[in-house]
Asks: 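After the structure tokens below, expect a handful of questions from me.
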Amino acid sequence: MTEPATVKAALTSQSIETPSWAYGNSGTRFKVFARPGVPRTPQEKLDDAAKVHEFTGAAPTVALHIPWDTVDDYAALAAHARDRGLTLGTVNANTFQDDDFRLGSVCHPHPAVRRKALDHLLACVDIMDATGSRDLKLWFADGTNYPGQDDVRERQDRLAEALAAVYERLGDDQRMLLEYKLFEPAFYTTDVPDWGTAYAHCLKLGPRAQVVVDTGHHAPGTNIEFIVATLLREGRLGAFDFNSRFYADDDLMVGAADPFQLFRIMYEVVRGGGLTADVAFMLDQCHNIEEKIPAIIRSVMNVQEATAKALLVDREALATAQRTGDVLEANAVLMDAYNTDVRPLLAEVREEQGLDGDPMAAYRRSGWATKTAEERIGGQQAGWGA
């Protein structure tokens, strides 16, 4: 049985990166519902992110999305983050909102469009240099809608060429994180549709190319924890995008659809040494009908709770049951940990850090929502329209 002090130490050191775009107006392809007090600038997004970290103690980094978070001075933006107890984290590239990318970006059939996409990726590395960010996250909406639309193999060649150019540009302490999605928006072929494709490209590039597991973007019934275990075993799990989905799209809060799945994933992370490795635990969520900051706080807490339960698994008892072929006992060991109410433990961890044991209640009492709604009048709210 894991000692309580060991569990507490692991939970205290856990860091969960929040996404800048989750603080803005976001939603579905059909409608984005605006809310009062939503940030208008990247700086105001950081102000909100600081509140999440203030009440959870577990969210010290914020991911940027370019061009959504474009500023004139990225070093100054990094200083703004530091002034609020934060650091700038992963830089996310955007090659899916330009008219030129209708047929793809780095996989586009025309060399000039591919060059435009590559230039954007390289510019994102320049931003990383200015912000001190370690990771560049790449997700490509590239794919085809109809059989025969383009040469599937040639598109993989174009992708490999672009990834190699970006990898060559990275600094020694920087990494490339390649995300995969089953579909969205391509309906016939997607150029990076699964972990095998992402892994194959990363393997060819080198050790600083790692795979991102988006927990909400797999075919129904996919055993995500197996993918996590395999990538950890191969030393290629670079990051998570934590979110949930019931049917297809993945923008719900992590743990909302299947908290038991999140627990199983986090157990494989614990089992594979992922808590002490360079695995980035990132949220990738869009909050359409719920309040932004409370939703992000709740998401951070959901990851913490799944992690705490995973840490409580009696691995010695589990190994014994597995070696002796005691199927029911092995399952019972996992279920005992999952069914443990870890909320008192996490409240104790927070209080030992000088935080309120209930982050949601503490945020409600802070009055931040009322303050921002009153002060953030005028200007253009961050987000995208639909």
Side-chain angles (χ1 to χ4, degrees), residues 16-19 21-22 26-30 63 65 90 92-97 104-107 135-145 155-156 159 163 176-202 209-232 236-266 268-269 274 279-288 295 299 302-303 306 384:
I16 301 164
E17 185 166 288
T18 69
W21 54 96
S26 56
T28 70
R29 61 182 59 86
F30 303 110
H65 209 300
T90 306
N92 292 256
N94 182 321
T95 57
F96 52 87
Q97 286 189 313
S105 60
V106 297
C107 300
D135 294 336
L136 172 69
K137 190 170 72 176
L138 304 178
W139 169 67
F140 299 104
D142 293 37
T144 64
N145 280 356
R155 291 180 74 90
Q156 288 297 307
L159 173 63
L163 293 177
M176 172 194 296
L177 304 178
L178 183 58
E179 182 180 354
Y180 62 91
K181 288 189 178 181
L182 181 65
F183 66 100
E184 190 195 43
F187 295 115
Y188 176 61
T189 63
T190 299
D191 290 317
V192 191
D194 51 44
W195 72 275
T197 304
Y199 174 70
H201 280 285
C202 289
Q210 302 273 307
V211 179
V212 177
V213 174
D214 184 314
T215 56
H217 254 283
H218 296 82
T222 298
N223 190 318
I224 301 175
E225 58 266 34
F226 174 82
I227 299 171
V228 169
T230 301
L231 290 173
L232 274 170
R236 291 288 175 163
L237 179 62
F240 283 98
D241 271 0
F242 282 128
N243 47 54
S244 292
R245 64 100 173 87
F246 284 101
Y247 303 109
D249 214 349
D250 67 337
D251 288 335
L252 298 178
M253 291 162 47
V254 60
D258 188 350
F260 184 47
Q261 180 190 66
L262 181 59
F263 160 74
R264 300 193 309 266
I265 290 170
M266 291 311 302
E268 292 302 333
V269 170
V279 179
F281 299 98
M282 301 183 290
L283 304 180
D284 181 13
Q285 301 168 185
C286 297
H287 307 290
N288 192 24
S299 296
N302 288 349
V303 175
W384 65 88

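Atom set for the values below is all heavy atoms of this structure, side chains included, hydrogens, waters and symmetry mates excluded.
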Asks: Who are the ring pair (Phe, Tyr, Trp, His ring centres under 6.0 Å) partners of His218, not counting sequence neighbours?
Replies: Tyr180

Asks: Which residue pairs pass the salt bridge (Lys or Arg N to Asp or Glu O under 4.0 Å) test with at least one member in residues 211-221, sequence neighbours excluded?
Replies: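 Qualifying pairs, neighbours excluded: none.
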
Asks: Evaluate Trp139 against Phe96 for side chain to side chain contact (heavy atoms under 4.5 Å, CB included), listing each step before the verdict.
Replies: CA-CA 9 Å; Trp139 169 67; Phe96 52 87; 3.6 Å; yes

Asks: Please answer whether the main-chain N or O of His217 pairs with a side-chain N or O of Arg245 as donor and acceptor at a distance below 3.5 Å.
Replies: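 Not a single qualifying donor-acceptor pair exists.
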
Asks: Is there side-chain contact between Cys107 and Leu159, with at least one heavy-atom pair below 4.5 Å?
Replies: yes

Asks: With sequence neighbours excluded, what pairs up with Thr144 under the side chain to side chain donor-acceptor pair (under 3.5 Å) test?
Replies: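 Partners of Thr144 under the side chain to side chain donor-acceptor pair (under 3.5 Å) test: Thr189.
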
Asks: Any chance you could lay out the side chain to side chain contact (heavy atoms under 4.5 Å, CB included) test for Met176 and Leu163, step after step, and finish with the verdict?
Replies: CA-CA 9 Å; Met176 172 194 296; Leu163 293 177; 3.9 Å; yes

Asks: Determine the interplanar angle of the Trp195 and Tyr199 rings, folded into 0 to 90°, and report it as parallel if under 30°, tilted if 30 to 60°, perpendicular if over 60°.
Replies: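 Trp195 and Tyr199: tilted rings.
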
Asks: May I ask you to decide if the ring planes of Phe240 and Phe281 are parallel, tilted or perpendicular, using 30° and 60° as cut-offs?
Replies: parallel

Asks: I'd like to check Phe140 versus Asp191 (side-chain heavy atoms, cut-off strictly below 4.5 Å). Are they in contact?
Replies: no

Asks: Using the side-chain contact (heavy atoms from CB on, under 4.5 Å) criterion, which residues pair with Ala257? Sequence neighbours excluded.
Replies: Ser244, Phe246

Asks: Sequence neighbours excluded, which residues qualify as side-chain contact (heavy atoms from CB on, under 4.5 Å) partners of Ala280?
Replies: Arg134, Asp135, Arg175, Ala239, Met282

Asks: Side chains of His201 and Gln156: is there a donor and an acceptor less than 3.5 Å apart?
Replies: yes

Asks: So which pairs with a foot in residues 220-231 pass side-chain hydrogen bond (donor to acceptor under 3.5 Å, both in side chains), sequence neighbours left out?
Replies: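 Non-adjacent pairs meeting side-chain hydrogen bond (donor to acceptor under 3.5 Å, both in side chains): Glu225-Arg264.
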
Asks: Is there a side-chain contact between Val279 and Val269 (heavy atoms, below 4.5 Å)?
Replies: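 Not in contact.
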
Asks: Between Pro185 and Asn145, which heavy-atom pair has the shortest distance, and what is it?
Replies: O-OD1, 3.9 Å

Asks: Grab the two heavy atoms, one from Leu177 and one from Gly238, that are nearest each other, plus how far apart they are.
Replies: CD2-CA, 3.9 Å

Asks: Do the non-hydrogen side-chain atoms of Ile16 and Leu283 ever get within less than 4.5 Å of each other?
Replies: yes

Asks: Indicate yes or no for a side-chain donor-acceptor contact from Asn302 to the backbone of Gly255 under 3.5 Å, with no hydrogens or angles considered.
Replies: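 Looks like no, no N/O pair under 3.5 Å.
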
Asks: Check side-chain contact (heavy atoms from CB on, under 4.5 Å) between Ala63 and all other residues, then give those that pass, not counting sequence neighbours.
Replies: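 Ala63 satisfies side-chain contact (heavy atoms from CB on, under 4.5 Å) with Glu17, Trp21, Thr90, Asn92 once adjacent residues are dropped.
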
Asks: Which distance, rounded to the nearest 0.5 Å, do you find between the CZ of Phe183 and the OG1 of Thr190?
Replies: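 Going from the CZ atom of Phe183 to the OG1 atom of Thr190 covers 8.5 Å.
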
Asks: For a side chain to side chain contact (heavy atoms under 4.5 Å, CB included) check, start with the C-alpha distance between Leu262 and Val254, then their side-chain angles and the critical distance, and finish with the verdict.
Replies: CA-CA 8 Å; Leu262 181 59; Val254 60; 3.7 Å; yes

Asks: Partners of Asp241 by salt bridge (Lys or Arg N to Asp or Glu O under 4.0 Å), sequence neighbours excluded?
Replies: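 Checked Asp241 against salt bridge (Lys or Arg N to Asp or Glu O under 4.0 Å); matches are Lys137.
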
Asks: Calculate, to the nearest 0.5 Å, the distance between atoms CD1 and CD1 belonging to Ile265 and Ile224 respectively.
Replies: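 If we round to the nearest 0.5 Å, Ile265:CD1 and Ile224:CD1 are 4.5 Å apart.
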
Asks: Rounded to the nearest 0.5 Å, what separates atom CG in Leu237 from atom CD in Glu268?
Replies: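 If we round to the nearest 0.5 Å, Leu237:CG and Glu268:CD are 11.5 Å apart.
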
Asks: Does the Asn243 side chain pair with the main chain of Met253, one donor and one acceptor, at a distance under 3.5 Å?
Replies: no

Asks: Looking at residues at least two apart in the chain, or sitting in another chain, which of them share a salt bridge (Lys or Arg N to Asp or Glu O under 4.0 Å) with Asp251?
Replies: none

Asks: Could you pull out all residues at least two apart from Gln210 that satisfy side chain to side chain donor-acceptor pair (under 3.5 Å)?
Replies: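 By the side chain to side chain donor-acceptor pair (under 3.5 Å) rule, Gln210 matches no residue at all.
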
Asks: Less than 4.5 Å apart, any side-chain heavy atom of Ser299 and any of Gln285?
Replies: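 SC-SC contact between Ser299 and Gln285 confirmed.
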
Asks: Check side chain to side chain donor-acceptor pair (under 3.5 Å) between Ser105 and all other residues, then give those that pass, not counting sequence neighbours.
Replies: Thr95, Asp142

Asks: Taking only residues two or more places apart in sequence or in another chain, which ones pass side chain to side chain donor-acceptor pair (under 3.5 Å) with Thr197?
Replies: Asp194

Asks: Within a 6.0 Å radius of atom CZ on Phe226, are there more than 12 heavy atoms belonging to other residues, nucleotides or ligands?
Replies: no

Asks: Write down the atom of Gly274, the atom of Leu232, and the distance for their closest heavy-atom approach.
Replies: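 Looking at all heavy atoms of both residues, the closest pair is CA-CD2, 4.0 Å.
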
